[in-house]
Amino acid sequence: MFSDNQIFAAPLAGITDRPFRRVIRRFSPNVPLVTEMISCHSLVGAHKNCKRNFDNYADEGNVGAQIFGADVRLMAQAACILQDAGAKWIDINMGCPVPKVAQRAGAGAYLMRDHVLAEKIMHAVVQAVQIPVSIKTRLGWDDAHQDWNDLIRIAADCGVKFATLHGRTRAQLYLGNALHPDVHSMSIPVIANGDIRTESDLVQMEKLGYAGVMIGRGILGKPWVLAEIMGAEKPKNIGQIVLEHLEYAIEYYGQQAAVPMFRKHAAWYSAGMPNSSEFRIKVNGIDDACNLKVAIRDFWGII
């Protein structure tokens, strides 16, 4: 059975920011977390409109920083910046399927179509830093091009320490069921990602040769789920957790930016609860932090 340091929290754009990672850490102090994907262009250029370009990871425990891009030199520079910022390892995004990344930017999942460029990037990043480097990829571009094993073998030759494999193609986006191939033949550890929700899923992934699992959308509104999947009880004070998360967001982004950004989190936390639809409608009309806190307190019955 996997231990807690083999249960990863996936990088989720717009979600696994520093405030959310702080909440996850409350329940899972040892699990490996991965940042939102960070543009090498934005990071190296120190673009001030992107807060995560300036994160310091020294106090965050076992955190890997994920970068994306198609420029070999900038990817290596970005890795060095993140190493200096305290990241424990660098993850190269080779699986993001959204058009602006995988098609227009020639990055993310596009690297599954260009193994020559992928190899250059992996080699440059590995050579640039002293911390481990991993990749996150998919089964392939589409059903006709499922060459994940070739890419992982190239990664191993470049000195990449482990790979995460999402069990869908780029063409699938996040639709359909994830399929997890047997990875016993791979020469580096492979982490399974996609539709992993229960302890029985962990057992199945271990049988298929995976060295761990990565939980993605399962953490939405459930920052405790990594601990729960290992046998911990679900917390009872959900409302207090939501308020704590909101405070972290305000501290990090400022009230004006944090409130609209937090609406989606409030909705996820409330999913499946009585009157959650009405709560989501109400929250989506709130622009003030005090009013949002009142709505959260009322919904969860916090006096």
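One finds no salt bridge joining Asp71 and Lys120 here, because no Lys/Arg side-chain nitrogen approaches an Asp/Glu carboxylate oxygen to under 4.0 Å. In this structure, Lys293 pairs ionically with Glu247, as a charged nitrogen and a carboxylate oxygen lie closer than 4.0 Å. Residues Lys51 and Glu36 are not paired through a salt bridge, judged by the lack of any N-O separation under 4.0 Å between the basic side chain and the carboxylate. Under a 4.0 Å N-O distance rule, the pair Asp182/Lys207 does not qualify as a salt bridge. A salt bridge links Glu60 with Arg21; the closest basic N to acidic carboxylate O contact falls under 4.0 Å. Electrostatic pairing of Asp59 and Arg18 counts as a salt bridge here, judged by a charged N lying under 4.0 Å from a carboxylate O.
Of the inter-residue distances, the one linking Leu292 atom CG with Lys282 atom NZ reads 10.0 Å to the nearest 0.5 angstrom. Note: Asp201 CG to Tyr210 OH = 12.5 Å, rounded to the nearest 0.5 Å. Of the inter-residue distances, the one linking Ile7 atom CD1 with Leu33 atom CG reads 12.5 Å to the nearest 0.5 angstrom. To the nearest 0.5 Å, atom CD of residue Gln66 and atom OG of residue Ser134 are 8.0 Å apart. In this structure, CG in Asp91 is found 9.0 Å from CE in Met94, a value given to the nearest 0.5 Å.
Residue Gln103 qualifies as enclosed at atom CD: its count of foreign heavy atoms under 6.0 Å is above 12. Heavy-atom contacts from other residues, nucleotides or ligands closer than 6.0 Å to OH of Tyr110 number 12 or fewer.
Between Phe68 and Cys40 the shortest side-chain heavy-atom distance does not fall below 4.5 Å. Taking the side chain as every heavy atom from C-beta outward, Met214 and Val34 approach each other to under 4.5 Å. Using a 4.5 Å heavy-atom threshold, the side chains of Ile229 and Thr198 count as separate. With contacts defined as side-chain heavy-atom distances shorter than 4.5 Å, the pair Leu226/Ile215 qualifies. Contact check for Leu165 versus Pro181: side-chain heavy atoms found under the 4.5 Å cut-off. No side-chain heavy atom of Leu82 sits under 4.5 Å from any side-chain heavy atom of Val129. In this structure, the side chains of Val133 and Ile92 come closer than 4.5 Å at one or more pairs of heavy atoms. Within the 4.5 Å cutoff, the side chain of Thr137 has no heavy atoms near those of the Thr164 side chain.
Cys96 and Ala102 make their closest contact through O-CB, 3.4 Å (heavy atoms, listed as atom of the first residue, atom of the second, distance).
Checked by atom type and distance alone, the side chain of Asn62 never pairs as donor or acceptor with a backbone atom of Val31 at under 3.5 Å. No donor-acceptor pair under 3.5 Å is formed between the side chain of Asn284 and the backbone N or O of Ile281. Put simply, the side chain of Asp288 gets close to the backbone of Asn291: a donor and an acceptor are under 3.5 Å apart. Panel note: side chain Gln83, backbone Ile131; a donor-acceptor pair is recorded below 3.5 Å. For Arg217 (side chain) and Leu12 (main-chain N/O), no donor-acceptor pair under 3.5 Å exists by modelled atom type. Using a distance-only test at 3.5 Å, with no hydrogens or angles considered, no donor-acceptor pair links the side chain of Ser28 to the main chain of Asn30. Side-chain N or O atoms of Gln6 include one that pairs as donor or acceptor with a backbone N or O of Ala211 at under 3.5 Å. Formation of a donor-acceptor pair under 3.5 Å by the Arg170 side chain with backbone atoms of Arg138 is not found in this model. Of the possible donor and acceptor atoms, none in the side chain of Asn275 sits under 3.5 Å from a partner among the backbone N and O of Glu278. A donor-acceptor contact shorter than 3.5 Å is absent between the side chain of Ser42 and the backbone of Ser39.
For residues 147-163, no pair satisfies side chain to side chain donor-acceptor pair (under 3.5 Å), with sequence neighbours left out. Residues in residues 252-274 take part in these ring-ring contact (aromatic ring centres under 6.0 Å, His included) pairs, two or more places apart or across chains: Phe20-His265, His245-Phe262, His245-His265, His245-Tyr269, Phe262-His265, His265-Trp268.
No side-chain donor-acceptor contact under 3.5 Å links Thr169 and Asp142.
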For Ile152 and Met186, what are the C-alpha separation, side-chain angles and deciding distance, and is it a side-chain contact (heavy atoms from CB on, under 4.5 Å)? CA-CA 8 Å; Ile152 292 178; Met186 295 294 100; 3.6 Å; yes
Report the C-alpha distance between Glu244 and Arg26 in whole Å, list the side-chain angles of each, state the deciding distance to 0.1 Å, and finish with yes or no for salt bridge (charged side-chain N to carboxylate O under 4.0 Å, His left out).
CA-CA 11 Å; Glu244 180 181 285; Arg26 170 178 169 179; 3.0 Å; yes
**OP:** Decide side-chain contact (heavy atoms from CB on, under 4.5 Å) for Val183 and Leu208; before the verdict, give the C-alpha distance in whole Å, the side-chain angles of both, and the deciding distance to 0.1 Å.
**Re:** CA-CA 6 Å; Val183 296; Leu208 290 170; 5.6 Å; no
*Under the side-chain contact (heavy atoms from CB on, under 4.5 Å) criterion, do His166 and Tyr174 qualify, and how do the steps go?*
CA-CA 10 Å; His166 183 97; Tyr174 298 97; 4.3 Å; yes
- Task: Report the C-alpha separation of Val213 and Asn193 in whole Å, then their side-chain angles, then the decisive distance to 0.1 Å, and conclude whether the side-chain contact (heavy atoms from CB on, under 4.5 Å) test is met.
- Result: CA-CA 6 Å; Val213 299; Asn193 174 228; over 6 Å; no
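Put simply, Ile135 and Leu74 are part of the same group of oily side chains (I, L, V, M, F, W, Y) that touch within less than 4.5 Å, one to the next.
A cation-pi arrangement, defined by a distance under 6.0 Å to the six-membered ring centre and an angle within 45 degrees of its axis, is absent between Arg25 and Tyr57.
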